[in-house]
Colleague: 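Starting off with a structure, shown below.
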Protein chains: 2
Amino acid sequence: MLSAKMEDYLKAIYRLQRDGDGPVTTSALADALDVTSPTASSMLDTLEERGFVEREKYQGTRLTRDGETVALEVIRHHRLLETYLTEQLGFDWTEVHDEADRLEHHISEEFERRVAAALDDPVVDPHGDPIPSETLEPLDGTPGITLAEQEPGDVVVVERVSDRDPEELSYLSKQGITPDQRVEVLDVAPIGMMTVRVDGDEVSLPDRVTEMIQVITVEEAEL
Amino acid sequence: MLSAKMEDYLKAIYRLQRDGDGPVTTSALADALDVTSPTASSMLDTLEERGFVEREKYQGTRLTRDGETVALEVIRHHRLLETYLTEQLGFDWTEVHDEADRLEHHISEEFERRVAAALDDPVVDPHGDPIPSETLEPLDGTPGITLAEQEPGDVVVVERVSDRDPEELSYLSKQGITPDQRVEVLDVAPIGMMTVRVDGDEVSLPDRVTEMIQVITVEEAEL
DNA sequence: CCTTGGCGTTAGTTGACCCTAATGCTGAGC
DNA sequence: GCTCAGCATTAGGGTCAACTAACGCCAAGG
Ligand SMILES: [Mn+2]
Ligand SMILES: [Mn+2]
Ligand SMILES: [Mn+2]
Ligand SMILES: [Mn+2]
């Protein structure tokens with residue numbers, strides 16, 4: 001069987017592969033997982049041996065279909081758990097990430113099925129992230145538009161908010177920036193910052209944050 | 001922090017200490033955890049070093065107050081999880097043990113609180129086992145009466161059914177032997193077996209099973 | 001084309017958790 | 001009081017997943 005760590009590696013490779021272009025470098029992976037390169041490198045050996053990744057020496061790593069399936073499975077667990085903790089157990093949706101990040105490795109398929117059923121088979125989690133189906137079909141990999149790309153006067157609707165940093169997430173939530181929220185861009189400062197209007201209030205956000213907020217047009221949102 | 005294994009050791013020592021009389025022998029512990037004696041012995045060294053157990057060389061092991069607290073914590077997690085899985089997620093109560101046995105080591109205190117609240121702070125789990133309080137007060141250690149001790153003609157009410165063996169549990173459940181069920185002893189055979197009437201049906205059970213079924217008198221049950 | 005800095009891999013170490021084989025203790029029966 | 005069986009501990013090893021230190025590759029700049 002796979003250890004929790006191995007699942008974390010596969011999940012991280014999946015993300016990096018989706019966000020970047022070519023194969024995933026060892027150091028990017030090490031960075032994402034907060035381990036040293038040698039540690040990542042030797043784990044990659046193991047994962048290759050078991051058929052979850054393919055590597056070209058010095059040239060980076062790609063997931064095999066098996067590896068992608070495992071990654072999608074873990075992501076499904078994670079997002080179902082976040083949804084469940086939020087909607088059924090009353091967790092604040094800014095606080096669920098760590099809990100889901102641990103439990104995703106420890107629940108059974110039966111647990112997964114029951115949770116999905118209790119939630120009526122949801123297709124997105126509370127951050128707006130898509131939940132892989134039970135059959136683990138690959139997710140649509142097209143990047144989507146971010147708030148950072150918008151210009152003054154543009155009005156868009158928040159689709160997804162990254163859940164990487166709980167503090168950031170909590171702050172955004174307090175400012176009213178959550179999925180389905182309508183946002184108007186007021187000003188783009190040349191110092192890597194943007195001011196938007198949300199629910200009547202003005203909020204300023206640095207680029208590193210607006211880049212993590214995925215949006216759709218108002219027209220798309222009405223569908 | 002404590003590993004899942006360490007928690008399992010402490011839980012096992014707690015049980016053996018409660019069921020037996022004196023300190024827990026290394027081989028009994030090894031048996032319970034399905035490891036060899038040397039393995040158990042060296043884990044006990046570690047647990048002693050960390051202050052969770054006290055040992056007298058060759059004379060056995062006892063939990064310290066800290067060790068008991070950890071054991072109670074894990075047992076609380078286990079029993080809350082079993083109750084939650086059964087009552088809120090629709091698991092069959094014969095199938096929850098393994099799931100709870102893994103998850104008990106991985107849920108946060110926040111998760112524990114939310115689950116307890118969702119269940120209205122239950123005091124017994126679906127097998128009839130008492131759930132330690134949030135403050136982890138020691139549980140009442142008095143043994144209780146078992147079905148095995150009853151004689152023909154006695155009528156009692158099931159209080160607790162052991163959840164150690166899922167198959168056994170499933171069989172008993174199918175026969176209607178669950179907490180709060182009234183049972184009449186019809187016959188005690190001299191070959192280590194007993195026949196009882198449950199809900200109109202006759203059921204025969206070997207001693208090793210009736211010893212694991214804790215009962216109370218009909219009068220006690222009415223309180 | 002050769003150097004050099006950065007990244008990747010290899011080698012060796014550690015800690016957790018398991019094993020088997022050998023040795024040490026203890027108490028019950030002679 | 002001695003013996004010996006049974007249990008406990010010690011010794012020695014293995015695997016897994018992390019680490020640090022050392023070494024190898026490679027591409028960009030001189
Ligand atoms: Mn998340
Ligand atoms: Mn799954
Ligand atoms: Mn149980
Ligand atoms: Mn707890």
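Given the structure is predicted, the values throughout are model-derived calculations rather than measurements.
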Colleague: Give the rounded distance in Å between these two atoms: CD of A:E48 and P of C:dT10.
Modeller: 11 Å

Colleague: Once each nucleotide of nucleotides 12-24 of chain D is scored for protein heavy atoms under 4.0 Å, what B/S/- sequence comes out, 5' to 3'?
Modeller: -----SSBBB--B

Colleague: With the side chain of B:D45 defined as its heavy atoms from C-beta on, choose the nearest nucleotide among C:dT10, D:dA8, D:dT10.
Modeller: D:dT10

Colleague: Taking only side-chain nitrogens and oxygens of B:R55, does any of them come within less than 4.0 Å of OP1 or OP2 of D:dT9?
Modeller: yes

Colleague: Taking 4.0 Å as the cut-off, does a side-chain nitrogen or oxygen of A:S27 come that near to OP1 or OP2 on C:dG8?
Modeller: yes

Colleague: Decide, yes or no, whether a salt bridge links A:D101 with A:K11 under the criterion of side-chain N to carboxylate O below 4.0 Å.
Modeller: yes

Colleague: Between C:dC25 atom P and B:E56 atom CD, what is the distance in whole Å?
Modeller: 15 Å

Colleague: Would you mind reading off the distance between B:Q59 atom CD and D:dA8 atom C1', rounded to a whole angstrom?
Modeller: 10 Å

Colleague: Flag yes if more than 12 heavy atoms outside A:R18 fall under 6.0 Å of its CZ atom; otherwise flag no.
Modeller: yes

Colleague: Expressed in angstrom and rounded to an integer, what is the separation of A:K57 atom NZ from D:dC25 atom P?
Modeller: 8 Å

Colleague: To the nearest Å, how far apart are B:L47 CG and D:dT9 P?
Modeller: 13 Å

Colleague: Can you label the angle between the A:H127 ring and the A:W93 ring as parallel, tilted or perpendicular, going by 30° and 60°?
Modeller: tilted

Colleague: Side-chain N or O of A:T26 less than 4.0 angstrom from OP1 or OP2 on C:dT9?
Modeller: yes

Colleague: Using a 3.5 Å cut-off and no angle test, enumerate the donor-acceptor pairs between side-chain atoms of residues 108-117 of chain A and protein atoms at least two apart in sequence or in another chain.
Modeller:
from: A:S108; atom 1: OG; to: A:E110; atom 2: N; distance (Å): 3.4
from: A:S108; atom 1: OG; to: A:F111; atom 2: N; distance (Å): 3.0
from: A:S108; atom 1: OG; to: B:E99; atom 2: OE1; distance (Å): 2.4
from: A:S108; atom 1: OG; to: B:E99; atom 2: OE2; distance (Å): 3.3
from: A:E109; atom 1: OE2; to: A:H77; atom 2: NE2; distance (Å): 3.3
from: A:E110; atom 1: OE1; to: A:R113; atom 2: NH2; distance (Å): 3.1
from: A:E110; atom 1: OE2; to: A:R114; atom 2: NE; distance (Å): 2.9
from: A:E110; atom 1: OE2; to: A:R114; atom 2: NH2; distance (Å): 3.0
from: A:E112; atom 1: OE1; to: A:H77; atom 2: NE2; distance (Å): 2.9
from: A:E112; atom 1: OE2; to: A:R76; atom 2: NE; distance (Å): 2.6
from: A:E112; atom 1: OE2; to: A:R76; atom 2: NH2; distance (Å): 3.4
from: A:R114; atom 1: NH1; to: B:G90; atom 2: O; distance (Å): 2.6

Colleague: Do NZ/NE/NH1/NH2 and the carboxylate oxygens of B:R65 and B:E68 come within less than 4.0 Å?
Modeller: yes

Colleague: With a 4.5 Å heavy-atom cut-off, do A:I213 and A:V183 have their side chains touching?
Modeller: no

